[in-house]
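Following: one structure in structure tokens, then a few remarks.
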Amino acid sequence: MLSSEEQSVILKWVLNFRLSCPVRKLSRDLADGVLVAEILHHLFPRLVDMHNYTKGFAIVRKLDNWDTLNRKVLKKLEIHLTPDVIHAVANGVQGAIYDVLLEVMIKAEQHGTENEAFSEN
């Protein structure tokens, strides 16, 4: 579990992106994977086809989006989400999304894409 300070850094990072919907509560607003796909699209545009992700409130839709994201994008970034993590994120379990976003932040930093993504905003 990340500290509140670490969670604050991650939230601030997420809020730097121009997303299709406002983010008020990460665990709820990112549960369907669509906004995470948008963030990844900003960072790694060639890896993410946004038409593969559909907003939804049903758990089946959320799990489908996360499964697609895991197979088609995160795998290529060497981020491996277990089914338990995917279920936790899709169900809005407190703190689960922060761990995923931390891994994405680290990959963005390693690939030097963070500055490129922010220059588009």
Side-chain angles (χ1 to χ4, degrees):
M1 186 76 168
L2 299 174
S3 71
S4 60
E5 185 177 306
E6 291 168 322
Q7 290 181 359
S8 179
V9 168
I10 291 169
L11 176 60
K12 195 175 198 178
W13 180 76
V14 168
L15 294 176
N16 278 312
F17 291 94
R18 186 175 296 149
L19 301 174
S20 62
C21 296
V23 175
R24 293 183 182 91
K25 184 176 180 187
L26 282 183
S27 60
R28 179 195 62 222
D29 298 335
L30 277 63
D32 68 3
V34 173
L35 295 181
V36 175
E38 288 182 22
I39 290 169
L40 287 163
H41 182 71
H42 282 292
L43 295 168
F44 307 100
R46 292 185 180 126
L47 292 183
V48 182
D49 293 322
M50 287 307 299
H51 70 272
N52 289 329
Y53 308 96
T54 307
K55 288 200 169 294
F57 298 106
I59 192 69
V60 172
R61 166 61 41 218
K62 293 175 185 181
L63 292 172
D64 184 52
N65 284 341
W66 278 104
D67 182 57
T68 303
L69 202 54
N70 200 31
R71 280 184 299 104
K72 293 187 175 215
V73 181
L74 298 176
K75 181 179 178 181
K76 292 175 184 170
L77 296 172
E78 297 179 358
I79 297 173
H80 307 285
L81 301 184
T82 65
D84 288 342
V85 170
I86 291 172
H87 279 271
V89 172
N91 283 301
V93 171
Q94 190 65 32
I97 191 65
Y98 287 98
D99 295 332
V100 174
L101 292 171
L102 178 61
E103 289 196 53
V104 172
M105 282 178 63
I106 290 168
K107 288 299 177 182
E109 206 171 278
Q110 288 173 346
H111 290 305
T113 60
E114 187 172 6
N115 292 334
E116 294 169 21
F118 292 140
S119 67
E120 294 174 6
N121 293 336

Sequence neighbours excluded - side-chain hydrogen bond (donor to acceptor under 3.5 Å, both in side chains) pairs with any residue from residues 65-74: Asp67-Arg71
Contacts of Ser4 that satisfy side chain to side chain donor-acceptor pair (under 3.5 Å) - sequence neighbours left out: none
Gap between atom CG of Leu35 and atom CZ of Phe17 - 0.5 Å precision: 11.5 Å
Side-chain heavy atoms of Tyr53 within contact of Val48, under 4.5 Å: yes
For residues 21-33, which side-chain donor-acceptor pairs fall under 3.5 Å, sequence neighbours excluded?
| residue | atom | partner | partner atom | Å |
| --- | --- | --- | --- | --- |
| Asp29 | OD2 | Arg24 | N | 2.6 |
| Asp29 | OD2 | Lys25 | N | 2.9 |
| Asp32 | OD1 | Val34 | N | 3.0 |
| Asp32 | OD2 | Gly56 | N | 3.3 |

Sequence-distant partners of Leu2, side chain to side chain contact (heavy atoms under 4.5 Å, CB included), two or more places apart: Glu6, Gln7, Ile10, Tyr98, Asp99, Leu102
Verify same cluster id: Phe57, Leu63 (apolar side-chain graph, 4.5 Å): no
Pair listing, salt bridge (charged side-chain N to carboxylate O under 4.0 Å, His left out) test, anchored in residues 51-62, at least two apart: Arg61-Asp64
Nearest heavy atoms of Glu38 and Met50, plus distance in Å: CG-CE, 3.3 Å
Residue list, side chain to side chain contact (heavy atoms under 4.5 Å, CB included) with Asp49, at least two apart or on another chain: His51, Asn52
Hydrophobic cluster membership, Val9 vs Leu11, 4.5 Å side-chain cutoff: yes
Parallel, tilted or perpendicular: ring planes of His111 versus Phe44, cut at 30 and 60 degrees: perpendicular
Listed pairs under 3.5 Å, donor-acceptor, residues 74-88 side chains, sequence neighbours left out:
| residue | atom | partner | partner atom | Å |
| --- | --- | --- | --- | --- |
| Thr82 | OG1 | Val85 | N | 3.2 |

